[in-house]
Amino acid sequence: MGRYTIRRLLQLIPVLLGTTFLINYMVWQLPGDPFAGRCGQRPCPDAYVNAMRAQFGLDQPVLVQYWNFLKNMLTGNLGVDFNQVPVATSLADAWPITIRLAILAVAIEAVIGIGAGVLSGLKRGGVIDNAVTLSTLVLLSLPVFVTGFLLQWLLGVQLQIVNPTVSDEATVSELLVPAFVLASLNMAFTARLTRTSIVENLRADYVRTAIAKGLTNRRVVGVHLLRNSLIPVLTFLGTEVGGLMAGAIITEGIFNIHGIGGLLYRAIINQDFTIVVPVAALLVLVYLITNLLVDLLYGVLDPRIRYE
Amino acid sequence: MVEVLSEPVGGGSYEGSLLEVDDLHVEFRTRAGVAKAVNGVTYSVGAGETLAVLGESGSGKSVTAQTIMGILDMPPGKITGGEIRFRGVDLLKLPEDQRRKIRGEGISMVFQDALSALNPVFPVGWQIAEMFRVHRGASRSDAKKKAIELMDRVRIPAAKDRVNDFPHQFSGGMRQRIMIAMAIALDPEILIADEPTTALDVTVQAQIMGLLADLQRERNMGLILITHDLGVVADVADKIAVMYGGRIVENAPVHDLYRSPAHPYSKGLLESIPRVDMKGQELYAIKGLPPNLLEMPSGCAFHPRCPYRRDNCVTDVPPLYPISGTRGSACHYWREVLDDGSR
């Protein structure tokens, strides 16, 4: 497994190089001038635009720009954004909030999704099963921004149970509703995946063996059935952690959360690419690393998997 | 009834055999109709006795065993009549928690395909040790020690080194030995082996049958050996029950049946075993197909395939005619069949 891990880590390098190059190239190719519109009602003076271009290296060829980006990344020098605020400061403020939001969302996916899936899978065709099937169908068919605005309006504006937007502190209780919105699609999918997996494994021979061994129903289900059924579910949850961070862009935008997603959201609107590029690169890195961790976890969960 | 079992299984007095299946009826209710899988099966096994239950797929032999174990899928399965008495107590009337205590302790089972019957994600030693931990409350280390002893007993080489291996790391024969170790862990009085050698090579089959026979003698267990292969039972079994279409069609001590079958179906089975002295001749096969359980033939279920068929076979269901003390045949013309002998 050690050699496998090293090989996978080495594979990260070309993938990271390729994706960061693409991100760099594409954002600088977008139409519009990020500096021309920064002076209120009047067009910016050429001197300002040229000075900014020179500061951020836009007057240089793409490859040189990319080389400078790599150099800065490797030395940990993220520079300043267009407002001359250090990018590292913005990131340091935003990361903890997004991580808190993502952990909450994963917890909601796991607890509610797996719980509902197990209950509906064990009693197929029962009341719970039908309720789960229906509610997951609703969640799966609604885009996240609809669920988000709906809950914000219902819980925040109409019922006034929670604040419609999240304060700068972004406490756990404030983040509950946004995390639920962020988790909703994956939660519904987790419930369905768990249900299918439980139903499939319920018929497996080893479950019959476990019953024939004289084990209690609780042990048959809780140990033998669950341990097998959760392998694909945990893999799915792990793979989706990266996607969750990216999905946070919409959720953080809706609830005005100052996390990575919100930072990226505002940076894209302001065309501030000094923030877009490192954040996007960071998300790529998170995605790649969670994928690697999931692949390793898979081998721990299922002893039949071998790494070669 | 319940009180007899509230002391640990093993005490109490009872008359008759250790395990008696009495006029058992099991149906499967499916969308296509009601499949009558078991239609009045009666058999018994005593301590130290081996009963071979013989029959082709769909004859009801496995369903009967699953009903004894209490692992029948219900629904679609439904027990519509009969009793299963273990030490004189009808298991079908016991509440589930008492029934559960008998599984593994009193009656246990070895399945056909050990690869799918063992849990793929737990080490084999853990799976054997689970019997001691759950039923006897043994500690982790004690249970593991006992698991290693059992793996030694079923002759798994280097048991101590392999106790933490997973099922997929063993060969088919070794996996079946682990199944057997798990089944005999708590010294059950009855062991049901459902086609234990079907998935194995012929040489390994002989070893597994030998192991089962040894263990049975050593522990004085009652053994129910379910198989469709007449070849494997001759050396091990004391008596044979041949099943067809959910009924027992012939009941006999093993040597009597081999010498002179008393039912056309048993005779057909015997004749379809390849023999060295018949080399070059065409192998006999019973004509036709097993009965459709949704639409059983009228009268004797075997009549569409039977060379002895007369008119009354189509209308009259043959009872199990007693032939001698321990023999019976559900054929109206059993005398004729018996007189013909086998080949």
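The chains referred to below are lettered A, B, ... by the order of the sequence lines, with proteins before strands, and numbering in each begins at 1. In this text, all values refer to a predicted model and were calculated from it rather than measured experimentally.
To the nearest 0.5 Å, atoms CG (A/N217) and CG (B/D97) are separated by 12.0 Å. Within the model, atoms OG1 of A/T209 and CE of B/M182 stand 5.5 Å from one another, a figure rounded to the nearest 0.5 Å.
Residues of residues 128-144 of chain B lying under 4.5 angstrom from chain A, judged on non-hydrogen atoms, are B/E130, B/M131, B/V134, B/H135 by number. Residues of residues 164-176 of chain B lying under 4.5 angstrom from chain A, judged on non-hydrogen atoms, are B/F166, B/H168 by number. Of residues 125-145 of chain A, no residue lies under 4.5 Å from chain B by any heavy-atom pair.
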Give the intermediate values and the outcome of side chain to side chain contact (heavy atoms under 4.5 Å, CB included) for residues A/I211 and B/M69.
-> CA-CA 9 Å; A/I211 300 170; B/M69 255 346 259; over 6 Å; no
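With a 4.5 angstrom heavy-atom cutoff, B/Q127 touches chain A via backbone and side-chain atoms both. In this structure, chain B has a heavy atom under 4.5 Å from the side chain of A/R219, while its backbone stays farther away. Both the backbone and the side chain of A/A212 come within less than 4.5 Å of a heavy atom in chain B. Contacts of B/S116 with chain A are made by both backbone and side-chain atoms, with heavy-atom separations under 4.5 Å. Of the atoms belonging to A/V207, not a single heavy atom falls under 4.5 Å from chain B. Proximity to chain B (any heavy atom under 4.5 Å) is restricted, for A/I231, to the side chain, taken from C-beta onward.
Shortest non-hydrogen contact noted between A/P303 and B/P120 is CG-O, 3.5 Å. In terms of heavy atoms, A/N228 sits closest to B/V121 at OD1-CG1, 3.4 Å. The heavy-atom pair separating A/R208 from B/I71 by the smallest distance is CG-CD1, 3.8 Å.
For the side chain to side chain donor-acceptor pair (under 3.5 Å) condition, no pair includes a residue of residues 110-122 of chain A, sequence neighbours left out.
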